[in-house]
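Structure first, then comments.
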There are 2 protein chains.
Amino acid sequence: MNNDYELYKLKAELCKTFADPKRLMIINQLRHGEKTVGNLTQVLQVPQAVVSRHLAVLRSRGIVTTRRDGVNVYYSLANPRIVDACDIVHEILLEQVARNRDIAEKLLL
Amino acid sequence: MNNDYELYKLKAELCKTFADPKRLMIINQLRHGEKTVGNLTQVLQVPQAVVSRHLAVLRSRGIVTTRRDGVNVYYSLANPRIVDACDIVHEILLEQVARNRDIAEKLLL
DNA sequence: TAATTATATACGCATATATGTATATAAGCA
DNA sequence: TGCTTATATACATATATGCGTATATAATTA
């Protein structure tokens, strides 16, 4: 029973990794293939140090892997399942929005 | 482009909800049907106030719904998809463990 | 109404997380 | 070697999060 708690802690750690909008944007960028830090910095529109730090978090939790080619470091998703997880979060959010819209309509009509 | 960021913030908020071991335990308890705060307090083995606060977080993010029956408040999952999300997190964790085991074996042999 | 049970919230505190800025490391090239 | 580009990290700081404790609210019953 108590040993279970360690498992839930690991799962929570994993979820923490997804609990930041910029990291979710990075994951979304990597969805269709590897990207360099420079690529991601350009897309996210934040200082390069910010991107590097988020990538460090993703690396430390095993969400992404890296490959160096000369000066550039290419990041990619370590596991295709990660995309599925993001998709489900998206779906849950959509259903919440739909539900809220229903409530709003009932209140307004 | 910038409007996208708001969407990622919402998704991150949703992930934050899952980013705590006790909340994950609560969700797992609710997987097979509604439970009272008392039930959950007994399972989690923490002060009742702790459970109530976590339930408040889950409520505020639309993860659970409540139903009062007399003195008791029954909590249940608002969306069956939430279980799917937790299952995928579980799978990702398992694959990570498996990968680490492979690495460990290569190092030891 | 008073007492009891079940649940929710307020307050103070300790820890975690994200960021800006500056700097360090690493590879490639003149 | 010195310079430039690409990436990573250190430090200080602001904000967020979880918890223990105490207390508030709500429903039930005597």
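The shown structure was predicted, so the numbers you read here are calculated from the model rather than taken from an experiment. Chain A is the first sequence line, chain B the second, and so forth, proteins listed ahead of strands; every chain is numbered from 1.
Side-chain atoms of A:Glu13 and A:Thr17 form no donor-acceptor pair, as typed in the model, at a separation below 3.5 Å. For B:Arg59 and B:Tyr75, the side-chain atoms include at least one donor-acceptor pair closer than 3.5 Å.
Taking atom CZ on B:Arg68 and atom C1' on C:dA6, their separation rounds to 7 Å, with Å as the unit. Straight-line distance from the CG atom of B:Leu58 to the C1' atom of D:dT17: 14 Å, rounded to whole Å. C:dA18 atom P lies 10 Å from atom OH of B:Tyr5, rounded to whole Å. Taking atom CG of residue A:Leu55 and atom P of nucleotide D:dA8, one finds them 7 Å apart after rounding to whole Å. Per the geometry, CZ belonging to B:Arg67 stands 16 Å off P belonging to C:dA6, to the nearest Å. If you take CG of B:Asp20 and C1' of C:dA16, they are 13 Å apart, rounded to a whole angstrom. The NZ-P distance, from B:Lys35 to C:dT7, rounds to 14 Å in whole Å. Between A:Asn39 atom CG and D:dT5 atom P the separation is 17 Å, expressed in whole Å.
B:Glu91 CD: more than 12 foreign heavy atoms inside a 6.0 Å radius.
For A:Tyr75, a side-chain nitrogen or oxygen approaches OP1 or OP2 of D:dA8 to under 4.0 Å. At least one side-chain nitrogen or oxygen of B:Arg59 sits closer than 4.0 Å to the OP1 or OP2 atom of C:dT9. The shortest distance between the side-chain N/O atoms of B:His54 and the OP1/OP2 oxygens of D:dT17 is not below 4.0 Å. Contact annotation: B:Asn72 does not reach the phosphate of D:dA27 (side-chain N/O to OP1 or OP2, under 4.0 Å). Considering only side-chain N and O atoms, B:Arg23 lies under 4.0 angstrom from the phosphate OP1 or OP2 of D:dG18.
Side chain of B:Gln96 to backbone of A:Arg61: a donor-acceptor contact under 3.5 angstrom is found.
Residue contacts shown for B:Val37 are limited to sugar-phosphate atoms, with no base heavy atom under 4.0 Å away.
Judged by atom type and distance alone, A:Gln48 reaches the base of D:dA8 through a side-chain donor-acceptor pair under 3.5 Å.
Counting only heavy atoms from C-beta on, B:Val73 has its side chain closest to C:dA8 among D:dG20, C:dA8, D:dT7. Comparing atom distances between the A:Arg53 side chain and each of D:dA8, D:dT9, C:dT9 picks out D:dT9 as nearest. Residue A:Val50 has its side chain nearest to C:dT19 when only C:dT19, C:dA26, D:dG18 are considered. Nearest to the side chain of B:Arg61, among D:dA22, D:dT17, C:dG20, sits D:dT17.
Taking for each of A:Gly70 and A:Val46 the nucleotide of DNA chain C with the nearest heavy atom, the 5'-most of the two is the partner of A:Val46.
Taking hydrophobic clusters as Ile, Leu, Val, Met, Phe, Trp and Tyr residues chained together by side-chain heavy-atom distances below 4.5 Å, B:Ile82 shares a cluster with B:Val43.
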